[in-house]
**Student:** 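Following this message is one structure expressed as structure tokens.
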Amino acid sequence: MLAEAGIRGVNGADAPQRLALVLGDSHAAVFEGLRLPVQGVADAQGFEVCSVGEATASGLENPNSATHARERFVQALAAQPCQDVVVLLGEVDTGFVIWHRTQTRGIPVLDSLDQTLCTYTGFLDELARSRRVWVLSAPLPTIQDGQSWGEVANLRREVRASLFERTQLTLMFNNAVAEHARRNAMRHVNLDPHSIGGDRLVRDALCARLIHWTTTTTGPPFRP
């Protein structure tokens with residue numbers, strides 16, 4: 001999918017040691033160990049990954065955030081000079097934070113969404129001044145209504161929003177980010193068409209694979 005989208009580095013002997021720097025929440029860990037072929041280079045190239053568990057798009061402007069994600073991203077950018085930067089954030093916001101703010105602070109969902117988008121797109125614009133930015137759509141939620149197993153489900157069980165509501169909010173977030181990327185000449189990879197089913201929820205096959213990983217291994221191949 002990424003190779004088809006064009007994340008291949010550059011041609012010839014001047015190709016970097018890393019295809020791109022990946023900045024994101026725990027979902028970004030899927031890039032760890034991933035290697036793709038580069039035209040004119042003998043060995044497949046990998047990614048430098050800065051994956052910060054529970055990092056949020058809305059917390060990027062908060063210097064006192066619990067994850068210190070922005071600080072860690074800035075450090076990673078300083079250490080890795082590759083031209084391409086892949087950004088993957090938003091799932092924690094649309095699956096938990098925005099709804100939690102509504103329930104605890106009375107902030108309307110759409111107002112919180114707008115604030116989150118403003119913070120996130122501002123960060124993307126900042127990156128785009130010096131790097132070539134690739135934005136990946138936030139993963140769609142898979143925690144079922146009433147689900148009681150799994151560490152993440154237990155942490156988020158106080159959120160009352162249904163799976164359908166959380167999915168629709170994520171789709172709105174991804175569409176808005178995609179439009180911003182289009183207007184500002186950023187590259188955007190939208191995985192929603194590959195993930196959504198006819199009921200406007202994550203396809204059953206993807207949920208079944210997640211359940212299999214969770215119940216048959218010490219953990220899924222990526223941190224949720």
Side-chain angles (χ1 to χ4, degrees), residues 2 5-10 14-36 38 45-98 100-101 107 112-139 152 155 170 173-174 176-191 222-224:
L2 294 172
I7 303 182
R8 299 187 181 89
V10 298
D14 293 330
Q17 293 299 307
R18 290 290 183 265
L19 287 176
L21 170 63
V22 182
L23 307 177
D25 56 27
S26 57
H27 294 87
V30 298
F31 286 88
E32 294 176 354
L34 177 64
R35 300 179 70 83
L36 296 175
V38 177
Q45 303 294 299
F47 296 85
E48 187 71 25
V49 180
C50 181
S51 172
V52 181
E54 299 184 14
T56 64
S58 55
L60 289 169
E61 66 179 4
N62 180 9
N64 300 314
S65 71
T67 64
H68 300 287
R70 184 185 180 90
E71 178 182 349
R72 293 172 65 178
F73 292 160
V74 169
Q75 291 172 351
L77 286 161
Q80 182 52 253
C82 48
Q83 182 181 9
D84 292 287
V85 176
V86 178
V87 187
L88 174 55
L89 289 168
E91 187 278 331
V92 183
D93 300 271
T94 58
F96 175 72
V97 172
I98 289 174
H100 190 261
R101 286 175 177 165
I107 302 175
S112 188
L113 175 64
D114 286 344
Q115 183 181 30
T116 298
L117 287 167
C118 182
T119 300
Y120 191 33
T121 55
F123 177 71
L124 296 175
D125 290 344
E126 185 178 347
L127 288 177
R129 296 189 187 106
S130 59
R131 307 291 180 103
R132 186 163 53 197
V133 176
W134 298 77
V135 191
L136 300 189
S137 58
V152 175
L155 289 172
T170 307
F173 175 88
N174 285 340
V177 173
E179 177 60 21
H180 181 84
R182 184 191 65 79
R183 291 199 311 266
N184 292 277
M186 300 176 192
R187 293 150 180 84
H188 184 270
V189 179
N190 184 12
L191 299 178
F222 55 89
R223 292 187 293 274

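Heads up: numbering here begins at 1 and tracks the sequence. All values derive from a computational prediction rather than experimental measurement. In what follows, every heavy atom counts, from backbone to side chain, and hydrogens, waters and symmetry copies are set aside.
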**Student:** Please round to the nearest 0.5 Å and tell me the distance separating atom CG of Leu19 and atom CD of Glu48.
**Tutor:** 11.5 Å
**Student:** Using 0.5 Å steps for rounding, measure from the OG atom of Ser112 to the CG atom of Asp93.
**Tutor:** 8.0 Å
**Student:** Examine distances only and state if a side-chain atom of Thr116 and a backbone atom of Ser58 form a donor-acceptor pair shorter than 3.5 Å.
**Tutor:** no
**Student:** Working note: Leu23 + Arg72, criterion side chain to side chain contact (heavy atoms under 4.5 Å, CB included); need CA distance, chi angles, decisive distance, verdict.
**Tutor:** CA-CA 9 Å; Leu23 307 177; Arg72 293 172 65 178; over 6 Å; no
**Student:** With a 4.5 Å limit on heavy-atom distance, are the side chains of Thr56 and Leu89 in contact?
**Tutor:** no
**Student:** Give me the atom names and distance for the closest heavy-atom approach of Leu88 to Pro139.
**Tutor:** CD1-CD, 3.9 Å
**Student:** Taking atom CZ of Phe47 and atom CZ of Arg35, what is their separation to the nearest 0.5 Å?
**Tutor:** 10.5 Å
**Student:** So, taking the atom named SG in Cys50 and the one named CG in Asp25, what distance separates them when rounded to the nearest 0.5 Å?
**Tutor:** 11.0 Å
**Student:** Calculate, to the nearest 0.5 Å, the distance between atoms CD and CG belonging to Glu71 and Leu60 respectively.
**Tutor:** 13.0 Å
**Student:** Give me the atom names and distance for the closest heavy-atom approach of Ser51 to Ser26.
**Tutor:** OG-CA, 3.4 Å
**Student:** Rounded to the nearest 0.5 Å, what separation is found between the CZ atom of Arg187 and the CZ atom of Arg132?
**Tutor:** 5.0 Å
**Student:** Thr94 and Phe173: which non-hydrogen atoms are nearest, and at how many Å?
**Tutor:** CG2-CB, 3.7 Å
**Student:** Run His180 and Met186 through side chain to side chain contact (heavy atoms under 4.5 Å, CB included) and show every step you take.
**Tutor:** CA-CA 8 Å; His180 181 84; Met186 300 176 192; 4.1 Å; yes
**Student:** Tell me if a side-chain donor or acceptor on Asn190 pairs with a main-chain N or O of Ser137 at a distance below 3.5 Å.
**Tutor:** no
**Student:** Under the salt bridge (Lys or Arg N to Asp or Glu O under 4.0 Å) rule, what pairs show up with a residue in residues 58-70, not counting sequence neighbours?
**Tutor:** Arg70-Glu126
**Student:** Please walk me through it: do Leu136 and Leu191 pass side chain to side chain contact (heavy atoms under 4.5 Å, CB included)?
**Tutor:** CA-CA 8 Å; Leu136 300 189; Leu191 299 178; 5.5 Å; no
**Student:** Before you tell me yes or no, could you show the steps for Val177 and Leu124 under side chain to side chain contact (heavy atoms under 4.5 Å, CB included), namely the whole-Å CA-CA distance, both residues' side-chain angles and the distance that decides it to 0.1 Å?
**Tutor:** CA-CA 10 Å; Val177 173; Leu124 296 175; 4.3 Å; yes
**Student:** Is a donor on one side and an acceptor on the other found under 3.5 Å between the side chain of Arg131 and the backbone of Val86?
**Tutor:** no
**Student:** So do the side chains of Val87 and Phe73 get within less than 4.5 Å of each other, counting heavy atoms only?
**Tutor:** no
